[in-house]
Amino acid sequence: MQKVLETLIHLQKIDKQLQHLEAERGDLPQKVEELKSQVNDAKKDVNNKIEKKESLTSEKASLDNDVVLLSEQLKKYKVQLYQVKTNKEYDAITLEIETNEKSKEEKEFRSLELEESAGRLGEEIKEDQTQLEALEASFEENKKELEQKLEKTQEQQGELEVKRSAITQELKRPILAAYDRIRVARGGAAVSQLVNGACDECSSRVPPQKA
């Protein structure tokens, strides 16, 4: 039993070192992942708005082209209006003029709406791109800091994990399972040595009969 306790004490020392290395990284890994997600979402949002703006601009260009064609057609109808010889022809051309003018007005109005919408989107895109740049800068900064910390601790962590693996081979499965369960439940401390009548982990005094 004494050998098992000594092995567990040794194992806990290694686990505490691993815990310390993890604490050095802090919440950086989580923060980096959150920033990465935010950057991806922001990029997607900007791209969607750019696509929408392009669609509005394309629709406006098509309408503007229609307006030009209608204007040319109206000029021809107005010229023909002075060349008609019967009331029937006059009425027919007049109807075409009215229809074209109405269509032209509707397309011009829709074109203005599209121009305003595209303009608002353009302003939003500029603001979003500024925010995206700030997010990307923050992401790169935190990513670099995390990489530096990982580089600094990775070798040490690897050595400790090799030692831990070797030590756990010396323990029976039920004992190791109990140790891991208690360690997780108690914030990293599963066993403790008694030093000068006190717990080495929490410094609480232990009565002699319990000791």
Side-chain angles (χ1 to χ4, degrees), residues 18-154 157 184 187:
L18 287 167
Q19 192 175 15
H20 177 70
L21 292 178
E22 188 176 341
E24 277 189 24
R25 294 193 286 268
D27 63 347
L28 262 179
Q30 182 182 353
K31 190 174 181 181
V32 167
E33 282 303 311
E34 287 175 356
L35 284 168
K36 183 180 179 180
S37 178
Q38 290 175 18
V39 166
N40 289 336
D41 288 344
K43 281 182 178 179
K44 191 180 296 182
D45 189 43
V46 167
N47 288 334
N48 286 340
K49 287 183 178 179
I50 289 173
E51 287 179 8
K52 187 175 180 181
K53 183 175 180 290
E54 289 174 349
S55 176
L56 293 175
T57 303
S58 177
E59 186 181 349
K60 181 184 181 303
S62 178
L63 286 170
D64 290 343
N65 185 57
D66 289 346
V67 167
V68 171
L69 293 175
L70 285 168
S71 297
E72 292 174 354
Q73 190 64 47
L74 279 168
K75 289 178 183 178
K76 292 179 182 178
Y77 282 139
K78 288 177 181 178
V79 170
Q80 290 175 13
L81 197 60
Y82 294 103
Q83 298 172 348
V84 297
K85 297 178 180 179
T86 66
N87 287 336
K88 186 178 180 180
E89 290 177 334
Y90 182 86
D91 291 340
I93 293 175
T94 301
L95 180 61
E96 288 293 337
I97 289 172
E98 290 174 355
T99 302
N100 281 23
E101 284 180 340
K102 183 180 179 182
S103 179
K104 180 172 172 284
E105 287 174 4
E106 289 174 350
K107 289 178 183 291
E108 285 174 336
F109 182 75
R110 177 58 181 159
S111 177
L112 285 173
E113 286 184 329
L114 291 171
E115 185 176 1
E116 290 176 3
S117 296
R120 285 193 299 270
L121 267 178
E123 291 301 318
E124 288 179 23
I125 289 167
K126 285 180 183 178
E127 292 176 7
D128 290 350
Q129 285 176 330
T130 300
Q131 293 175 2
L132 174 59
E133 288 171 4
L135 273 174
E136 287 177 326
S138 181
F139 168 70
E140 290 299 330
E141 182 181 345
N142 281 274
K143 182 184 174 185
K144 185 177 180 181
E145 184 181 352
L146 177 61
E147 287 172 349
Q148 289 173 342
K149 286 189 176 182
L150 285 173
E151 186 179 355
K152 179 182 176 182
T153 61
Q154 207 164 19
Q157 182 176 341
V184 171

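Remember, predicted model here, so these are calculated numbers, not experimental data. Only heavy atoms go into these numbers, but all of them, side chains included; no hydrogens, no water, no symmetry mates.
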K.L.:
Nearest 0.5 Å, please: how far is CD in E127 from NZ in K49?
P.N.:
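If we round to the nearest 0.5 Å, K49:NZ and E127:CD are 8.5 Å apart.
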K.L.:
State the CD-NZ distance between E136 and K43, to the nearest 0.5 angstrom.
P.N.:
5.0 Å
K.L.:
What are the two closest heavy atoms between L132 and V39, and how far apart are they?
P.N.:
CD1-O, 3.8 Å
K.L.:
Pick one: which of K104, K60, K107 meets salt bridge (Lys or Arg N to Asp or Glu O under 4.0 Å) with D66?
P.N.:
K107
K.L.:
Within the distance-only criterion (no hydrogens, no angle test), does the side chain of S55 pair as donor or acceptor with the backbone N or O of E51 below 3.5 angstrom?
P.N.:
no
K.L.:
Counting only heavy atoms not in N87, do more than 12 fall under 6.0 Å of its CG?
P.N.:
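Not more than 12 within 6.0 Å, no.
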K.L.:
Start with the C-alpha distance between L69 and Q73, add both sets of side-chain angles, then the distance that settles side-chain contact (heavy atoms from CB on, under 4.5 Å), and finish with yes or no.
P.N.:
CA-CA 6 Å; L69 293 175; Q73 190 64 47; over 6 Å; no
K.L.:
Quick check on salt bridge (Lys or Arg N to Asp or Glu O under 4.0 Å): which of E113, E108, E106 does R110 satisfy it with?
P.N.:
E113
K.L.:
With a 3.5 Å distance limit and no angle check, can you tell me whether S62 reaches the backbone of S58 through a side-chain donor-acceptor pair?
P.N.:
no
K.L.:
Does a donor on one side chain and an acceptor on the other come within less than 3.5 Å for E34 and Q30?
P.N.:
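Looking only at side-chain atoms, Q30 and E34 do form a donor-acceptor pair, the distance falling under 3.5 Å.
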K.L.:
Tell me, do V67 and S111 make a side-chain contact under 4.5 Å, heavy atoms counted?
P.N.:
no
K.L.:
Taking side-chain contact (heavy atoms from CB on, under 4.5 Å) as the criterion, tell me which of L95, T94, I97 meets it with Y77.
P.N.:
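Exactly one candidate clears the test, I97.
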K.L.:
As an exercise, state the distance from CG of L146 to CZ of F139, rounded to the nearest 0.5 Å.
P.N.:
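Spacing of CG (L146) from CZ (F139) equals 9.5 Å.
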K.L.:
Would a distance-only check, ignoring hydrogens and angles, find a side-chain to backbone donor-acceptor pair under 3.5 Å from S37 to E33?
P.N.:
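No.
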K.L.:
Roughly how far, to the nearest 0.5 Å, is the CD atom of E59 from the CG atom of D64?
P.N.:
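Answer for the CG-CD pair, D64 versus E59, is 10.5 Å.
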K.L.:
Can you check whether K53's main-chain N or O pairs, donor with acceptor, with T57's side chain at less than 3.5 Å?
P.N.:
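Side chain of T57 to backbone of K53, a donor-acceptor pair under 3.5 Å: yes, one is there.
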K.L.:
Quick one: pull up CZ in R120 and CG in L56 and give me the separation to the nearest 0.5 Å.
P.N.:
9.5 Å
K.L.:
Would you check if the side chain of Q19 reaches a backbone N or O of G187 as a donor-acceptor pair within less than 3.5 Å?
P.N.:
yes
K.L.:
Indicate yes or no for a side-chain donor-acceptor contact from N65 to the backbone of A61 under 3.5 Å, with no hydrogens or angles considered.
P.N.:
no
K.L.:
Atom CG in L121, atom NZ in K52: separation rounded to 0.5 Å?
P.N.:
5.5 Å
K.L.:
Search all heavy atoms of I50 against all heavy atoms of Q129 and return the closest pair with its distance.
P.N.:
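In this case the closest contact between I50 and Q129 is CD1-NE2, 4.2 Å.
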